[in-house]
Amino acid sequence: MIPIDAAVMLTARRQSLWRYFRSAWVQFSIGAVFLIATNLMALRIPRQVGRSIGHLRDAKTLADIDVALVEGFAWTIAGLALGAACARIFSRIFVFNAARRIEYDLRNELFAHLTRLDLPFFQRSATGDLVSRITNDVTYIRLLYGISVLHAVNTTVAYIIVLGLMTSVSSKLTLYALAPYPLFLLTIGWFTQAIYKRTQAAQETLSDVSARAQENLAGVSVIKAFNSQEREKAAFRKVSDQYLERNLALARVRGALNPYMASIGGVGTLLVLWLGGQEVIDGTLTLGQYVEFSGYIVALAFPTIAMGWVVSVWNRGVAAMDRLLHILHAQPNVTQDPDAAPIDPDKPLGDLVFEDVTLAYEDGTVALEDINLTIPQGARVAIVGRTGSGKSTLVHLIPRLRDPTKGRITLGGKPLQKLELVGLRSQIGYVPQDPFLFSMSIEDNVRLGQHEGSDTGPGLKKALQIAHIGHDLEAMPQGLQTMVGERGITLSGGQKQRLTIARAVLLDPRLLILDDALASVDAATERQIITELDRIMEGRTSILVTHRYNALESVDEIVALDQGRTVQQGSHPAPPNPPAPSPPPP
Ligand code: ATP
Ligand code: MG
């Protein structure tokens, strides 16, 4: 992740927290009204208790006790307690629902944003880390808007009401009760910082744990084949231990905070009991008033402890928000110009021209250097070159999976940036070197790029036939509806490749790119597929990245790359300088 400047982060954090709060302000407001109601009711109880005790205390004999009055107090207390409980339940329903809603919106927003980002971002970020952020960190945001907001409002309301009531009984005792609070104000900054930093550290290690688990599960067959389970287990335990340690460090601060808050309240209570008791003995305070005041102190105990939760859950949420802002603030490099034009579907695409194109990866590897290349409209071009020479990098630039670092690419005379990105990509059938299938049915995988109104192509049956996959499908129990496991694990390499070819062909593309897409297919099938492709791509542009000579028979032009530079351009029958084979293993 790219670091964000502290001041920018602070503003972004404030804005985001406020924006999500505002998005659910109606529920929060209703929740707050219920919180005020519950406190107004619950905090009237001490006065009722105080009065009834006062009445009992004043009675000299049993006959002096007004039973109806005492019963009245009892019923009022019961009614107030019931009303307060109901209002509290409703306050939780509204606030927690709002927090769930925010969590839902935020998670969707994050995912939508991730879909807009491009390859360099994903190269910098581990998948496990991203997954951890959009699952765990988002949960902390829910707690921030749920528990933390609820208790922040509740504690504030309770304090305002109780301090008013306390002062009405005795302002001196109120001051005693509040005497330890300056200590809270002095120390809370330390707790805030400690919880923030320790949460950040713990969440970072959780990302490492997720990334490690994710990578190990994805590469399980390699791990088993190379007997590296023990090593991986030890490596996993190491990050896991670190996660435990960091969480314990966080738990120590969080754990200390609640008793600390309770003791701050407790010291106040002690002072009130001691000094208030003195006043009762001296006769400056009645027993009823003393009981009432003690009731208020008790009523403040929970909100005071809850203040500790607010501080801890809030700061955990803030740390999580900062981690999420690293995703939300990442911007795609590949964007279209504001005046980008749609591609006219009735006109040929035109020539594809590379002008002094250089591409350096984020780690500094220069994969392409000063490429000048023209792929004429309707041509069949092969790109050859030894492994690592930059062929895949070159074809990535055409659907703009990346943009060149220098130079430009034009299509039909227009720079690619000036063409609508979705429109451009919909014209291109791209078959990547590593075929990727999603864990869904074969049909859904093949129809992946097909959207409403885009089913004008050869049709599913024909696409499957061109890709020579029909035979394999017949052998599958559920044919097209067969579910392929994660990443297409249940299929052979050649089957995956041919399905990704069918996927590209189905879009009826005007520019077809096959990046070594027939490497896992036998030579005879390869020849048949190429013949079929040549037929349907008649008059359209095809780019074939290949290592195989028999694939070169039908092409119009061959471009040879070496170390990111074009070394030869020529036409069939034979490449002027056949691509050098990969160096033999040492
Ligand atoms: P192959 O025939 O093996 O598929 P290729 O010609 O397609 O090779 P590319 O994948 O384009 O080669 O890679 C060109 C160079 O760029 C290589 O040196 C490679 O190590 C480097 N490279 C590729 N992808 C990245 C990346 N994401 N980050 C950094 N360097 C990369
Ligand atoms: Mg490649």
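Quick note: residue numbers are just sequence positions, from 1. It should be emphasised that the depicted structure is a prediction, and the values quoted were computed from it without experimental measurement. One-based numbering, in listed order, for ligands and for the atoms of each.
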> Looking only at heavy atoms, which two atoms of L250 and T199 are closest? And how far apart?
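That closest heavy-atom pairing would be CD1-OG1, 3.5 Å.
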
> Under the criterion side chain to side chain donor-acceptor pair (under 3.5 Å), I'd like the reasoning laid out for R101 against S23: C-alpha separation, chi angles, the key distance, then a yes or no.
CA-CA 9 Å; R101 191 85 222 163; S23 72; over 6 Å; no

> Does anything in residues 211-223 pair up under side chain to side chain donor-acceptor pair (under 3.5 Å), and if so which pairs, sequence neighbours excluded?
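Output for this query lists R212-E232, N216-E232.
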
> Closest non-hydrogen protein atom to atom 3 (O) of ligand 1, residue and atom name please, with distance?
T387 OG1, 2.4 Å

> Looking only at protein heavy atoms, which one is nearest to atom 17 (C) of ligand 1, and what is the separation?
G388 O, 3.7 Å

> Go through the structure and list residues passing side-chain hydrogen bond (donor to acceptor under 3.5 Å, both in side chains) with E362, not counting sequence neighbours.
R402

> Regarding Q433 and S392, do their side chains bring together a donor and an acceptor under 3.5 Å, going by distance alone?
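Side-chain D/A pair, Q433 to S392: present.
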
> Is there a donor-acceptor contact under 3.5 Å linking the side chains of D472 and Q495?
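A donor-acceptor contact under 3.5 Å links the two side chains.
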
> Is there a donor in the side chain of T135 and an acceptor in the side chain of R107, or the other way round, less than 3.5 Å apart?
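No.
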
> Using distance alone, decide if ligand 1 has a nitrogen or oxygen within less than 3.5 Å of any nitrogen or oxygen in Q433.
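Right, the criterion is met.
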
> Under the ring pair (Phe, Tyr, Trp, His ring centres under 6.0 Å) definition, can you give me all pairs with a residue in residues 398-439, not counting sequence neighbours?
F436-F438

> Report yes or no: do D356 and N372 form a side-chain donor-acceptor pair below 3.5 Å?
yes

> Run the numbers for me: atoms of ligand 1, each under 4.0 Å from some heavy atom of S392, listed by number.
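Answer, ordered by atom number: 4 (O), 5 (P), 7 (O), 10 (O), 11 (O).
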
> I'd like to verify the contacts: list protein N, O or S atoms under a distance of 2.8 Å from the Mg ion (ligand 2).
S392 OG, Q433 OE1

> Please determine which of I398, T374, L368 meets the side-chain contact (heavy atoms from CB on, under 4.5 Å) test together with F354.
I398

> Indicate yes or no: does an N/O atom of G385 lie under 3.5 Å from an N/O atom of ligand 1?
no

> Output yes when a protein non-hydrogen atom is found under 4.0 Å of atom 20 (O) of ligand 1, and no otherwise.
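So atom 20 (O) of ligand 1 lacks protein heavy-atom neighbours under 4.0 Å.
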
> Could you pull out the closest heavy-atom pair between N247 and A202, with the gap in Å?
OD1-CB, 3.9 Å

> Against heavy atoms of H547, which atoms of ligand 1 measure under 4.0 Å?
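Near H547, meaning under 4.0 Å from one of its heavy atoms, ligand 1 has 2 (O).
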
> Which of the numbered atoms in ligand 1 are under 4.0 angstrom from any heavy atom belonging to T393?
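Matching atoms, with element in brackets: 9 (P), 11 (O), 13 (O), 14 (C).
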
> Considering the heavy atoms of D363, write down every atom of ligand 1 situated less than 4.0 Å from one of them.
29 (C), 30 (N)

> Could you report the tightest heavy-atom contact between P3 and H326, atom names first, then the distance?
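Minimum heavy-atom contact is CA-NE2, 4.2 Å.
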
> Is there a heavy atom of H396 sitting under 4.0 angstrom from any atom of ligand 1?
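Contact check H396 vs ligand 1: negative.
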
> Output yes when the distance from some N or O of ligand 1 to some N or O of A367 is under 3.5 Å, and no in every other case.
no

> Can you sort out which atoms of ligand 1 are near Q123, meaning under 4.0 Å from one of its heavy atoms?
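Close to Q123: 26 (C), 27 (N), 28 (N), 29 (C).
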
> Starting from atom 23 (C) of ligand 1, locate the nearest protein heavy atom and write down its residue, its atom name and how far away it is, to 0.1 Å.
Y361 CE1, 3.5 Å

